[in-house]
Amino acid sequence: MSELRYYLNRLRGYAGMRLYAQLIAMVALGLFDGIGIYMLVPMLGVLGLLGADAGAGSIPLAGEWLEALRGLPADYALPVLLAAFVLIMTVQALLQREQSIRSARLQQGFVRHLRLSLYEGLMRSNWIFFVRRRRSDFHHLLTSELARVSQATYLMLQLVSSLIFTVIQIGIAFWLSAKLTAVVLVCGAAIALVMRRRIRRAKDVGNRTSELSMHYFAGINDHFNGIKDIKSNRLEASYLDWFRRLTGRMEANFGEFARLQATTASLYKIASAALIALFAYLAIETLHVGAAQLLLIVVLFARLWPRFTAIQSGAEQIGSSIPALRSLRQLERDCAQARESGDGDDAAAATMAATTAAAPLAVAPWAAAPSVERAEESDGLQVESGIECRHVYFRYGDEDEGAYALRDVCLKIPAGKMTAIVGKSGAGKSTLVDLLMGLLEPERGTVLIDGEPALRERRLALRHAVSYVAQDPFLFHDSIRHNLLAVRPDADEEALWTALRFSASEDFVRRLPEGLDTVVGDRGIRLSGGERQRLVLARAILRKPSILVLDEATSALDADNEARIQEAIDRLKGKMTIIVIAHRLSTIRGADQVIVMEQGEAIVRDGDSRTAWQDQERTDMDTEKTAGAGVR
């Protein structure tokens with residue numbers, strides 16, 4: 001229950017005085033409802049349905065009200081009473097409306113607060129945090145689990161409302177007949193105690209719900225990422241079978257929760273009938289309660305018992321949501337531990353929150369108002385002499401776990417030059433580049449930028465100066481224009497075409513029917529691989545970086561498209577520092593420096609790409625011979 005207390009405190013911290021205003025409104029609603037019920041006695045008395053022996057005089061205030069009404073002219077008593085009743089119910093209805101609206105705003109505001117907090121925590125986490133986790137888990141937490149937390153928040157507010165209403169109604173019942181009310185409460189407490197174990201069962205169901213939902217999101221994500229392999233290898237039947245079995249388990253789990261709640265409701269209904277019979281018998285035969293008092297108590301508890309059922313049902317649903325609260329809380333802790341952002345991020349977040357709160361819905365992140373952080377990007381670190389690694393070690397596992405991905409790396413990337421990194425798969429090329437870009441921090445050794453240690457703030461400043469082009473180009477499902485503006489929202493038309501010209505993309509974009517406004521499809525699927533790669537390169541150039549990193553950017557391209565990308569790279573030489581990871585000799589031809597990676601170690605060759613490539617081929621052949629000998 002610690003997670004529930006934590007989020008209740010978060011709600012109180014977020015809402016402040018608004019939460020207390022809601023509680024006051026709930027108290028007022030309970031009082032108005034009690035007054036409405038209390039008015040039944042004088043109303044029935046005026047109508048002549050309560051005789052002198054009905055016990056109305058023994059009800060606090062009821063006798064005085066009835067006498068006052070009987071003192072009025074006969075034609076006025078009933079209209080006055082009915083008008084008062086309508087007025088009280090009207091005030092209650094208007095108060096209920098306002099309270100419901102404010103409660104919904106409070107709930108949705110708090111959920112938005114949680115979404116922003118969680119999303120910002122993810123965005124501020126370091127790269128290794130994402131390397132060690134499945135992306136589908138983030139999708140699951142930000143959608144399914146957050147929806148359950150939203151529902152739990154609503155239920156908590158409703159539970160508080162029901163509890164306040166119940167306390168007020170019980171108070172009125174005590175005022176009318178303390179003994180009879182005490183009997184009913186003792187019986188109700190006994191029933192609630194018996195029902196506690198059903199809340200624990202609801203929590204178990206909630207655990208299974210979280211687990212199944214996580215498997216669902218992970219599977220869907222993996223299957224649609226590999227849909228081409230599934231279709232080409234005719235694997236539809238096996239994946240359909242997996243999906244059928246998983247959804248069957250999900251259906252059974254939800255069915256169990258529905259059965260749990262339905263059973264609880266039926267037990268409460270049976271218990272309520274038995275209790276009404278019991279206290280009616282005690283009221284008449286043992287306590288000799290008057291008809292008027294008995295009528296009011298019956299009406300009160302008839303209205304209260306559905307509240308008891310709602311409280312139990314709400315408690316069960318909250319219990320089933322606790323695993324979601326726990327998962328969300330754990331992710332927040334993990335994000336806090338992996339946070340890499342500097343002190344200026346709080347100002348950026350505050351500015352973003354202020355601008356997005358009132359701004360219209362934007363179709364893409366770059367369409368929103370510029371934030372402080374966006375403004376800071378233009379002040380990225382300018383590398384003057386170069387980036388240097390001195391005896392650097394790095395591994396992806398925790399300390400003392402796993403093999404080193406980089407070991408004793410000593411090298412320097414000169415500023416304004418082109419450095420190529422070659423090596424077989426798994427040799428450590430991408431890890432080295434991630435380290436040079438400031439995404440990773442070495443376990444041992446030092447990374448220097450212009451001779452100064454690359455501490456956290458300096459690494460972040462370096463990333464503002466880097467543009468990265470991956471092997472698998474990523475484009476948003478939007479127009480070419482908006483895909484380019486993602487990195488530089490203030491760029492004008494001329495700047496866009498200049499970047500496209502440098503990346504050898506201008507000709508094919510101009511041939512498109514809608515030019516810059518052509519929608520590229522999901523991940524750029526409407527374009528060829530070469531066109532996607534060139535657009536991503538144009539986006540990188542548009543940012544005007546001081547360092548351009550190409551991570552095997554031409555490995556999946558044919559000779560013609562590779563030649564176009566190579567022409568674009570040649571035009572950029574001397575204008576910025578270029579780091580290229582490559583598998584082809586043609587890509588690294590003309591490099592000022594070649595780094596050969598082998599099992600996490602680096603060998604530096606200055607300006608001799610052919611020799612470096614031959615060394616790499618020789619190393620690969622030796623490795624294959626050794627492996628072949630081991631097999632024989």
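We use all heavy atoms of the structure for the numbers below, so side chains are in, but hydrogens, waters and symmetry mates are not. Along the sequence shown, the residues carry numbers beginning at 1.
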Item to check | Where at least one partner belongs to residues 139-165, residue pairs that pass salt bridge (charged side-chain N to carboxylate O under 4.0 Å, His left out), sequence neighbours excluded | outcome: Glu145-Arg148
Next on the checklist: Apply side chain to side chain contact (heavy atoms under 4.5 Å, CB included) to residues Leu122 and Leu142 and explain how you reach the verdict.
Outcome noted: CA-CA 10 Å; Leu122 288 169; Leu142 283 167; 3.8 Å; yes
Given 3.5 Å as the limit, does a donor-acceptor pair link the side chain of [X] with the main chain of [Y], or not?
X      : Y      : value
Glu531 : Ser528 : yes
Ser479 : Asp517 : no
Ser144 : His140 : no
Asp434 : Leu439 : no
Arg463 : Gly438 : yes
Ser321 : Ala324 : no

Checklist outcome for this item: By salt bridge (Lys or Arg N to Asp or Glu O under 4.0 Å), Arg245 pairs with (sequence neighbours left out) Asp241
Next on the checklist: Can you list everything that forms a salt bridge (Lys or Arg N to Asp or Glu O under 4.0 Å) with Glu211? Sequence neighbours excluded, please.
Outcome noted: none
State whether the number of non-hydrogen atoms from other residues, nucleotides or ligands found under 6.0 Å of [X] atom [atom1] is greater than 12.
X      : atom1 : result
Ile101 : CD1   : yes
Glu251 : CD    : no
Arg12  : CZ    : no
Arg133 : CZ    : yes
Arg333 : CZ    : yes

If you define the side chain from C-beta out and look only at heavy atoms, does anything of [X] sit under 4.5 Å from [Y]?
X      : Y      : value
Leu550 : Leu537 : yes
Ser430 : Ile581 : yes
His464 : Arg543 : yes
Leu11  : Met156 : no
Val466 : Leu436 : no
Phe474 : Arg532 : no
Asp551 : Tyr468 : yes
Val469 : Val549 : no

Work out which heavy atom in [X] is nearest to a heavy atom in [Y]; give both atom names and the distance.
X      : Y      : result
Leu527 : Leu475 : CD1-CD1, 4.4 Å
Glu443 : Tyr404 : OE2-OH, 3.2 Å
Ala15  : Leu106 : CB-CD1, 3.3 Å
Leu548 : Ala540 : CD1-CB, 3.8 Å
Leu95  : Ala28  : CD2-CB, 3.6 Å
Ala152 : Ile318 : O-CG1, 4.4 Å

Which distance, rounded to the nearest 0.5 Å, do you find between the [atom1] of [X] and the [atom2] of [Y]?
X      : Y      : atom1 : atom2 : value
Leu118 : Met123 : CG    : CE    : 10.0 Å
Gln107 : Phe110 : CD    : CZ    : 10.0 Å
Met437 : Leu462 : CE    : CG    : 9.0 Å
Leu496 : Asn483 : CG    : CG    : 11.5 Å
Gln99  : Ile24  : CD    : CD1   : 12.0 Å
Tyr393 : Leu406 : OH    : CG    : 11.0 Å

Item to check | Electrostatic pair Asp490:Arg488 at N-O distance under 4.0 angstrom | outcome: yes
Checklist entry - When the ring planes of Phe130 and Phe138 are compared, do they come out parallel, tilted or perpendicular, using 30° and 60° as the limits? => result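 It falls in the perpendicular class, over 60°.
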Next on the checklist: What verdict does the side chain to side chain contact (heavy atoms under 4.5 Å, CB included) test give for Arg208 and Met250, after you've listed the backbone C-alpha separation in whole Å, the side-chain angles of each residue and the deciding distance to 0.1 Å?
Outcome noted: CA-CA 9 Å; Arg208 288 196 296 275; Met250 294 173 74; over 6 Å; no
Checklist entry - Checking side chain to side chain contact (heavy atoms under 4.5 Å, CB included) for the pair Gln22/Arg102: CA distance, chi angles, key distance, verdict? => result CA-CA 8 Å; Gln22 283 291 102; Arg102 291 183 180 274; 3.3 Å; yes
Checklist entry - Can you check side chain to side chain contact (heavy atoms under 4.5 Å, CB included) on Tyr14 and Leu19, steps first, answer last? => result CA-CA 9 Å; Tyr14 165 77; Leu19 182 60; over 6 Å; no
Checklist entry - Could Arg329 and Tyr6 be counted as a cation-pi pair, given that NZ or CZ must be under 6.0 Å from the ring centre and within 45° of the axis? => result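 Flagged: Arg329 positioned over aromatic ring of Tyr6.
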Item to check | Arg132/Tyr396 under side chain to side chain donor-acceptor pair (under 3.5 Å): CA gap, chis, key distance, verdict | outcome: CA-CA 8 Å; Arg132 293 172 176 169; Tyr396 286 98; over 6 Å; no
Checklist entry - For residues Asn253 and Thr209, is any side-chain donor paired with an opposing acceptor at under 3.5 Å? => result yes
Next on the checklist: For Arg10 and Glu332: C-alpha separation, side-chain torsions, deciding distance, then whether salt bridge (Lys or Arg N to Asp or Glu O under 4.0 Å) applies.
Outcome noted: CA-CA 13 Å; Arg10 285 277 298 269; Glu332 287 180 333; 3.2 Å; yes
Checklist entry - Where do Tyr216 and Phe243 land on the ring-ring contact (aromatic ring centres under 6.0 Å, His included) test, with the steps shown first? => result CA-CA 8 Å; Tyr216 179 84; Phe243 191 78; 5.8 Å; yes
